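The structure appears below as structure tokens.
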Amino acid sequence: MISKENILASAKKTILSESKAIAKLTEFLDENFIEATQNIYKSNGRLVVTGIGKSAIIAQKMVATFNSTGTPSLFLHASEAIHGDLGMVQNDDIIICISKSGNSPEIKVLVPLLKRFGNTLIAITGNMSSFLAKGSDFILNTTVESEACPNNLAPTNSTTAQLVMGDAIAVCLMEMRDFKPEDFAVYHPGGALGKKLLLRVKDMLEHTLKPMVAPDASIKKVIFEISEKRLGVTAVVDQDKIVGIITDGDIRRMLNDRDSFSDLTAKDIMTKNPKLIPSTAMVVEALNILEDFSITQLVVVDNGEYKGVLHLHDILKEGIV
């Protein structure tokens, strides 16, 4: 059996080998990369990414990245392309073809067909003298000295290099388009990521649960309000203005400190100047405030008007954290 030490040594060797291959890519970036990226940016069509074998899997990941960052893209499997799927390619589309060797049979059939349509062809290849390289308008060099595979056979360093080259294009396009978080949110409306980017405080407020008491309210009234609204807190409101809050923690501390509370009112135990947040704020901003001040509730106020309470538990239920 291989030892634990050898397993770790092999893993580290693989990671270092791939990181070296990636770092080498910076030496290959030239005018081809600039012009290829500019052509994609200026294109009125889509970006079609194609490949065969492991390169086809990398192509699918590239398409996912491009689509989510503002570059309309689609995946075209090289073998399916020559059996009818070429029909999805339109006149203004730009095509990225990925192949380590650049000489596979499918690529040799596909490249002339693509050139016949007049589409701009960008090669991502590790063989600069290949059929693909010679038939392309722009060549992005992803040459690797060897694979991390001990037999130098399984695509490892080469596919990682292809993936990183695609990411480099995608990031450049994002910067050229001044692609902002709110733009990203448009393409990621679901899941925790979408909620972080899109969900606002007002979207989480339960307007029927708006706990409030007057400053002179009895402690019994305060306890009843906190219990009834089930938010663990009540705002103290005087003439439509928030003057403080009382949490269930304040109630517990009061009970620990006093044997009787019949002479107390809300203003005697409330916390003045509570943390406020507008309803238009992003929920992730509210979460940061809650974490920074180690509190569980925020009072929501718009232009001085009390809107409700946002509770940490509600944020957690949304799966944002």
Side-chain angles (χ1 to χ4, degrees), residues 18-19 21-22 25-26 29 32-78 80-81 85 87-99 114 119-125 138 140 142 155-156 158-200 203-204 281-285 287-288 315 318-321:
E18 296 207 8
S19 64
I22 292 170
L25 292 180
T26 59
L29 297 177
N32 274 269
F33 183 89
I34 297 172
E35 292 188 24
T37 304
Q38 288 177 332
N39 270 265
I40 297 171
Y41 174 70
K42 296 175 183 177
S43 172
N44 293 321
R46 304 158 304 173
L47 182 59
V48 179
V49 190
T50 187
I52 192 77
K54 302 298 187 296
S55 295
I57 298 173
I58 298 301
Q60 289 176 294
K61 191 277 176 184
M62 282 189 193
V63 166
T65 299
F66 287 129
N67 278 327
S68 67
T69 54
T71 300
S73 306
L74 56 88
F75 169 67
L76 173 66
H77 197 285
E80 298 299 326
D85 280 2
M88 69 174 65
V89 179
Q90 299 177 1
N91 292 336
D92 291 333
D93 293 344
I94 291 180
I95 301 166
I96 292 179
C97 187
I98 310 171
S99 173
L114 295 174
N119 297 86
T120 298
L121 180 60
I122 302 168
I124 294 182
T125 183
F138 306 105
L140 307 184
T142 53
T156 45
S158 58
T159 48
T160 301
Q162 293 168 355
L163 183 63
V164 170
M165 187 64 75
D167 286 343
I169 297 170
V171 172
C172 286
L173 290 170
M174 288 177 69
E175 293 178 349
M176 292 167 77
R177 292 192 173 94
D178 193 23
F179 199 81
K180 294 182 169 57
E182 51 267 32
D183 300 314
F184 195 77
V186 172
Y187 304 106
H188 294 79
L193 179 58
K195 289 176 181 177
K196 282 184 179 180
L197 296 170
L198 291 173
L199 200 61
R200 297 187 181 274
D203 300 321
M204 296 189 62
M282 306 303 295
V283 170
V284 70
E285 296 176 40
L287 178 61
N288 291 335
I315 298 177
E318 288 291 335
I320 292 177
V321 185

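Please read these numbers as outputs of a predicted model, since none were measured by experiment.
- Taking every heavy atom of both residues into account, Phe75 and Ala56 meet most closely at CE1-O, 3.4 Å.
- With Ser43 contributing its side chain and Asn39 its backbone, the two residues share no donor-acceptor pair below 3.5 Å.
- Note: Leu163 CG to Thr142 OG1 = 11.0 Å, rounded to the nearest 0.5 Å.
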**OP:** Could you go through the side-chain contact (heavy atoms from CB on, under 4.5 Å) check for Val49 and Ile124 one step at a time?
**Re:** CA-CA 10 Å; Val49 190; Ile124 294 182; over 6 Å; no
Subject >> Verdict with supporting geometry, Arg177 and Thr69, side chain to side chain donor-acceptor pair (under 3.5 Å) >> reply: CA-CA 10 Å; Arg177 292 192 173 94; Thr69 54; over 6 Å; no
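- Taking Thr125 as the reference, nothing meets the side-chain hydrogen bond (donor to acceptor under 3.5 Å, both in side chains) condition, with sequence neighbours excluded.
- Screening residues 34-53 for salt bridge (Lys or Arg N to Asp or Glu O under 4.0 Å) gives Arg46-Asp93 as the qualifying pairs, with residues at least two apart or on separate chains.
- Within the model, atoms CD1 of Ile95 and CG of Leu114 stand 4.0 Å from one another, a figure rounded to the nearest 0.5 Å.
- Contact detail for Cys172 and Phe33: the closest heavy-atom pair is SG-CE2, 3.8 Å.
- Counting all heavy atoms, side chain and backbone alike, Ala36 lies closest to Ile122 at CB-CD1, 3.8 Å.
- Looking at residues two or more places apart in sequence or on another chain, you find a side-chain hydrogen bond (donor to acceptor under 3.5 Å, both in side chains) between Ser55 and Gln162.
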**OP:** Determine, stepwise, if the pair Leu173 / Phe179 fulfils side-chain contact (heavy atoms from CB on, under 4.5 Å).
**Re:** CA-CA 8 Å; Leu173 290 170; Phe179 199 81; over 6 Å; no
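- Residue pairs meeting the salt bridge (Lys or Arg N to Asp or Glu O under 4.0 Å) criterion with at least one partner in residues 50-71, sequence neighbours excluded, are Lys61-Asp167.
- Here the side chain of Asn67 pairs a donor or acceptor atom with the backbone of Val63 at under 3.5 angstrom.
- Take Thr160 and apply the side-chain contact (heavy atoms from CB on, under 4.5 Å) test, not counting sequence neighbours, and it matches Glu18, Ile22, Val164.
- With a 4.5 Å cut-off on side-chain heavy atoms, Asn119 and Val89 count as touching.
- Using a 4.5 Å heavy-atom threshold, the side chains of Val48 and Ile94 count as separate.
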**OP:** Go through the steps to decide whether Leu140 and Ile169 satisfy the test side-chain contact (heavy atoms from CB on, under 4.5 Å), and finish with yes or no.
**Re:** CA-CA 10 Å; Leu140 307 184; Ile169 297 170; 3.6 Å; yes
**OP:** Begin from the C-alpha positions of Ile96 and Leu47 and carry the test side-chain contact (heavy atoms from CB on, under 4.5 Å) through to its verdict.
**Re:** CA-CA 7 Å; Ile96 292 179; Leu47 182 59; 3.8 Å; yes
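- Side chain of Asp178 to backbone of Met174: no donor-acceptor contact under 3.5 angstrom is found.
- Note that the CE atom of Met176 and the OG1 atom of Thr37 stand 6.5 Å from one another [nearest 0.5 Å].
- For Ser158 (side chain) and Pro155 (main-chain N/O), no donor-acceptor pair under 3.5 Å exists by modelled atom type.
- Applying the side-chain contact (heavy atoms from CB on, under 4.5 Å) rule to Ala281 yields the partners Val201, Ile277, Pro278, Glu285; only residues at least two apart in sequence or on another chain are considered.
- With contacts defined as side-chain heavy-atom distances shorter than 4.5 Å, the pair Phe138/Thr120 qualifies.
- Proximity of Met204 to Ile315: side-chain heavy atoms (C-beta onward) are separated by under 4.5 Å at one or more points.
- Shown here for Leu199 and Asp203, the closest heavy-atom pair between the two residues is CD1-CB, 3.6 Å.
- With sequence neighbours left out, the side-chain hydrogen bond (donor to acceptor under 3.5 Å, both in side chains) criterion links Ser73 to no other residue.
- Residues satisfying the side-chain contact (heavy atoms from CB on, under 4.5 Å) criterion with Asp92, sequence neighbours excluded, are Asn44.
- Residues Gly70 and Pro72 share a closest heavy-atom pair of O-CD, 3.5 Å.
- Remark: Met88 pairs with Leu74, Leu76, Asp85 by the side-chain contact (heavy atoms from CB on, under 4.5 Å) rule, at least two apart or across chains.
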